[in-house]
Every structure is written in C-alpha cells, then in structure tokens.
A.B. asks: 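Next up is a structure, given as structure tokens.
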Amino acid sequence: MAYINDMKTEEYIDSKCPNCGSTLVFVAGSRQTQCVSCDSTFDIESLGTGKLDHLETNYAETVSKLVNQNQKVAFQRVIHCEDCGGLINLNPHTISTECPFCGSKRVVEENKEEEIINIAGIIPFIITEKEVKENYKKWIKRKMFAPSKLKKGKISPKYSGVYIPFYTFDSETFSKYTAWRGDYYYTYRTVKTKNGTRTERVRHTRWTFRSGNININFDDLLIVGTNNPLNNYIRKIDDFNFTTMEVYQEQFMLGYYAEKPSISLENGFSNAKEEMKRQIRNACVRDIGGDTYRDLKFTTQYSNVTFKQIMAPIYNGYLSYNNKKFNFVCNGQTGKFSGKYPISPIKIVLFVLSILIVVILIIILIYSFYNS
C-alpha cells in the first residue's frame, strides 16, 4: 500500500468499511469507495484536480537530495513475476497467486527498496471492467484475421486493473544546430534510344550551409516509470487527459494493483531527454527547410527542469489460445486498446487465395481484351 503525502510516514488509509468491517474498493468513474459486502458507499473528498503544476518538484535539487542522503524506503510487500519480471505493490489485504500482467502463477513475494519520491497525482479509473469487456469485443471484431471464436465471444480474456507509475517532466530547452540544406533543381538532357532520342529530366541538389537556434518548452512530457513487460503497448495508449487528474489519495487505489516504479528518476529524465531530442531534431529539420538535409548536428541546454510522479490507470488483459498467451492493454481513462491477438492461418490462406483469384481474373480479362 502506498504512502500518503510524505512517503516517510507510516500512516495508512483505512480500507475497512466503517459499517461492517469488510473491504472497501474504489468505484471506477466515481469519487466513491464501496464496501464489497454491504455495498455502503463513501465519498472521497477531492484535494484538487487538473494538471497540478503547483506540485512540480525541482529535478536537480531532488536528485542531489536522493544521492547525498541516500533516501530509500522498502515497500512492505511486493510480488515479483519470475516469467515476465513484473513488480507489483500489494496492500495488506491483497492475496495474489497470479501475475496481473501475464497471468503466470510463478510469483514470489519480496521486499524492495526504491527512491523516496512523493506521488503527486493520480488519474483515477473511469472505464469499468464491464466497459473494458464491451470495448474488447468491438476491438477484436475489427481485426480481419482474428479467429472466429474470439469474434463470437467464445473465448474470454482475463483482466486486471493496475495503476502504472509515470513521471511527467517540464523543461525549457535551447538548442543550436548546424546542417547542410539541400534544394532540388533540374536540368534536361537528350539521350539516344533505339527509336531515336528522348529528353530526360535530371535532378540535382544545391547544398547551402545553415545554422540556427531552436527554443522549445516541454510541458508534462509523460515517461513510464517502470520496465513493464507491456511498455510497447502502454506507450501507444498513454494519451491521458491530465485535466481530470486528482491530487494523490490512496482511496482511489483501493481494490486495484499498483506497479512498483523500477526506473529511477535520473533514468526517467534520460528517457525524457531522448524524446525531447527527437522533437528538437524535427524542429531543426523544419527550420532548415529545403527539400532535404544532411549532417545535422545540434546541442541542447536544459533549464528549469521540474517533474512529478503520478499514477495512471491501465487494464492488463490476456487470453490463452492454442497454448499461447496474448497480451493487450486498455487505457483505464479513455478505453483505448493496444496489444496482440491470435491470427487464424485459415483466414490468411483464404485471403491470399482470393487475391490470387482476382489477379488471375484481371490477367485473363486483359489477355482477352487484347486478343479479341
């Protein structure tokens, strides 16, 4: 169970129902917790919503503090999947014998240490598990080569709601670049052929040296904070709406898994800089202009770097088909899907055959036309 406000404290949110003593869970799409036994509901008082810019933390000061004071804290319980490597924080009321990422039962309980970084915000689950199931049916029906059993709903996936840790980075950047700009121009030449001559257009490139400056201010650049085995899929659906983000409260996490951060703050910023460099490079190319370019080089200064750690909702899903597991993820805020699904070999063969038949018919028609 995650710490509240200052992660040094050992005070926890009570997850017991005050009416019957059973377990409370957060109700997706609401600001309420609900008892799993007596169905009593309890409002979660909002501490603030939005982009939470006021909770940004200075990056350099935080890194220096972590290094100099060696601030670490051990979560009480963590399960480690021996198959996919997933690390999941567990609260005292959770008993798990299955990995929420890959469904493996080869999980072991461990104690793990991590950097003490306060969780600033949380994007609560909006999409319910029922809606995930409906969205999955729509998603799989759009897949041309998916087996008919899946499209007809004869095989049902398993789902787990997981809060994934992310970093958001803000940074002002100033970049200097040099490059060679290429502009195309054309000349014409006459070439001999068997039937005489013909005119060809020849493309040339005129190169000119270019240099310039690029200023880009990055705001809430989102970087996943874990080595989640499904990261390639998660990056395709991480278009979260920060305007609905809540100041972190643990009540929003009740009843859900929470993945442990496994990427340090410094490595998170290194990943952020790679994304910034990609965008800066694109900006340089636009500034250079012309038809092409070469030897682009740029250097970048980063200033006023701030960050915050947030938790965002993901549904991990997987299904077993022909003794293989296929994983997919669903954005718990938007319902967007990404992942793998089985492909029917029979449907692919039929599709290829149909293409061949069409090609053969076209060839026959063309042949008939020119020989009629």
Side-chain angles (χ1 to χ4, degrees), residues 1-2 4 13 15 23-36 39-53 55 88-89 91 94 100-101 119-142 156-168 219-226 228 230-231 233-259 308-318 327-339:
M1 185 174 288
I4 305 167
I13 290 293
S15 60
T23 303
L24 295 176
V25 296
F26 171 65
V27 181
S30 75
R31 270 206 186 97
Q32 291 183 324
T33 57
Q34 185 175 37
C35 177
V36 298
D39 292 333
S40 298
T41 57
F42 304 91
D43 293 335
I44 303 174
E45 183 180 355
S46 177
L47 299 180
T49 60
K51 292 170 84 287
L52 308 183
D53 291 335
L55 296 181
I88 299 295
N89 294 330
N91 65 49
T94 303
F101 295 125
I119 302 173
I122 183 168
I123 301 174
F125 275 90
I126 293 179
I127 303 297
T128 65
E129 188 167 322
K130 180 180 178 181
E131 291 172 318
V132 173
K133 292 177 180 178
E134 292 301 317
N135 289 346
Y136 171 79
K137 291 178 183 178
K138 296 176 183 177
W139 179 67
I140 202 66
K141 283 182 179 179
R142 294 195 296 266
S156 299
K158 292 185 177 180
Y159 306 90
S160 296
V162 183
Y163 279 103
I164 305 293
F166 286 86
Y167 298 110
T168 71
D219 180 42
D220 285 335
L221 184 64
L222 191 66
I223 300 296
V224 65
T226 76
N228 191 305
L230 305 179
N231 272 357
Y233 302 143
I234 290 175
R235 291 190 187 100
K236 296 178 181 179
I237 63 165
D238 64 0
D239 51 347
F240 296 101
N241 179 4
F242 287 173
T243 62
T244 64
M245 184 160 54
E246 296 269 355
V247 171
Y248 175 74
Q249 291 189 78
E250 194 181 35
Q251 289 100 324
F252 290 111
M253 300 179 73
L254 295 178
Y256 292 92
Y257 291 99
E259 187 177 7
K308 59 181 177 288
Q309 183 177 320
I310 68 170
M311 303 297 286
I314 297 289
Y315 280 101
N316 290 311
Y318 67 91
N327 295 87
F328 57 87
V329 292
C330 173
N331 185 312
Q333 183 190 47
T334 66
K336 188 176 180 180
F337 269 82
S338 177

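Along the sequence shown, the residues carry numbers beginning at 1.
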A.B. asks: May I ask you to check whether Thr244 and Gln333 show a side-chain donor-acceptor distance below 3.5 Å?
C.D. replies: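 Indeed, the side chains of Thr244 and Gln333 share at least one donor-acceptor pair under 3.5 Å.
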A.B. asks: Would you mind reporting whether Phe26 and Pro124 have side-chain heavy atoms less than 4.5 Å apart?
C.D. replies: yes
A.B. asks: Could you tell me if the side chain of Thr334 sits less than 4.5 Å from the side chain of Asp239, heavy atoms only?
C.D. replies: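 In short, these two side chains touch, coming nearer than 4.5 Å.
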A.B. asks: When you compare the side chains of Glu246 and Thr49, does any donor N or O come within less than 3.5 Å of an acceptor on the partner?
C.D. replies: no
A.B. asks: Measure the shortest side-chain to side-chain distance between Asn331 and Asp238 over non-hydrogen atoms and say whether it is less than 4.5 angstrom.
C.D. replies: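 With C-beta onward as the side chain, the pair stays apart.
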A.B. asks: What's the separation between atom NZ in Lys133 and atom NZ in Lys137, rounded to the nearest 0.5 Å?
C.D. replies: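 Rounded to the nearest 0.5 Å, the NZ-NZ separation comes out at 8.5 Å.
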A.B. asks: Can Asp220 and Lys51 be counted as an ion pair, charged N to O under 4.0 angstrom?
C.D. replies: yes
A.B. asks: Does the side chain of Ile164 reach to within under 4.5 Å of the side chain of Val224, using non-hydrogen atoms?
C.D. replies: yes
A.B. asks: Check whether any side-chain heavy atom of Ile44 sits under 4.5 Å from a side-chain heavy atom of Gln32, and report yes or no.
C.D. replies: no
A.B. asks: Could you measure the distance from the OG atom of Ser160 to the CD1 atom of Ile314? Nearest 0.5 Å is fine.
C.D. replies: 12.5 Å
A.B. asks: Out of curiosity, Trp139 CH2 to Ser338 OG, how far, rounded to the nearest 0.5 Å?
C.D. replies: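 Here the interatomic distance stands at 7.0 Å.
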A.B. asks: Take Phe337 and Val329 through the test side chain to side chain contact (heavy atoms under 4.5 Å, CB included) and record every step on the way to the result.
C.D. replies: CA-CA 6 Å; Phe337 269 82; Val329 292; over 6 Å; no
A.B. asks: So, do Met245 and Met311 sit near enough that their side-chain heavy atoms are less than 4.5 Å apart?
C.D. replies: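 Result no, sub-4.5 Å side-chain heavy-atom pair not found.
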A.B. asks: Checking the side chain of Asn228 only, and the main-chain atoms of Leu230 only, is there a donor and an acceptor separated by less than 3.5 Å?
C.D. replies: yes
A.B. asks: Between Thr33 and Gln251, does the side chain to side chain donor-acceptor pair (under 3.5 Å) criterion hold? Intermediate values first, please.
C.D. replies: CA-CA 7 Å; Thr33 57; Gln251 289 100 324; over 6 Å; no
A.B. asks: Once you round to the nearest 0.5 Å, how far does CD of Glu134 lie from OG1 of Thr128?
C.D. replies: 9.0 Å
A.B. asks: With side chains defined as the heavy atoms from C-beta onward, is the minimum distance between Leu24 and Gln34 less than 4.5 Å?
C.D. replies: no
A.B. asks: Taking the six-membered ring where the residue is Trp, are the ring centres of Tyr159 and Tyr315 under 6.0 Å apart?
C.D. replies: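 No; Tyr315 has its ring centre 6.0 Å or more from that of Tyr159.
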A.B. asks: Would you give the length of the straight line joining atom CD of Glu259 to atom CZ of Phe166, rounded to the nearest 0.5 angstrom?
C.D. replies: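 Answer rounded to 0.5 Å: 9.0 Å.
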A.B. asks: Determine whether Phe242 and Ile310 make a side-chain contact, defined as any pair of heavy atoms from C-beta on separated by less than 4.5 Å.
C.D. replies: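 Sidechains of Ile310 and Phe242: in contact.
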A.B. asks: Ring centres of Phe252 and Phe125 under 6.0 Å apart?
C.D. replies: no
A.B. asks: Rounded to the nearest 0.5 Å, what separates atom CG in Leu222 from atom CZ in Phe240?
C.D. replies: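 It is 7.0 Å, given to the nearest 0.5 Å.
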A.B. asks: What is the minimum heavy-atom distance between Ala28 and Ile127, and which atoms define it?
C.D. replies: CB-O, 3.8 Å
A.B. asks: Which pair of non-hydrogen atoms, one from Val25 and one from Gly255, has the smallest distance, and what is that distance?
C.D. replies: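 Reported closest heavy-atom pair: CG1-CA, 3.8 Å.
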A.B. asks: Run Thr23 and Leu254 through side chain to side chain contact (heavy atoms under 4.5 Å, CB included) and show every step you take.
C.D. replies: CA-CA 9 Å; Thr23 303; Leu254 295 178; over 6 Å; no
A.B. asks: Would you please test Asn327 and Asn316 for side chain to side chain contact (heavy atoms under 4.5 Å, CB included) and show each step?
C.D. replies: CA-CA 7 Å; Asn327 295 87; Asn316 290 311; over 6 Å; no
A.B. asks: Can you check whether Gly225's main-chain N or O pairs, donor with acceptor, with Gln309's side chain at less than 3.5 Å?
C.D. replies: no
A.B. asks: Which heavy atom of Ile123 sits nearest to which heavy atom of Pro313, and what is that distance?
C.D. replies: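 So the minimum-distance heavy-atom pair works out to O-CD, 3.0 Å.
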A.B. asks: Could you check Gln249 against Leu47 for side chain to side chain contact (heavy atoms under 4.5 Å, CB included), going step by step and ending with a plain yes or no?
C.D. replies: CA-CA 8 Å; Gln249 291 189 78; Leu47 299 180; 3.5 Å; yes
A.B. asks: Can you see which heavy atom on Pro165 is nearest to which on Thr226, and at what distance?
C.D. replies: CG-CG2, 3.1 Å
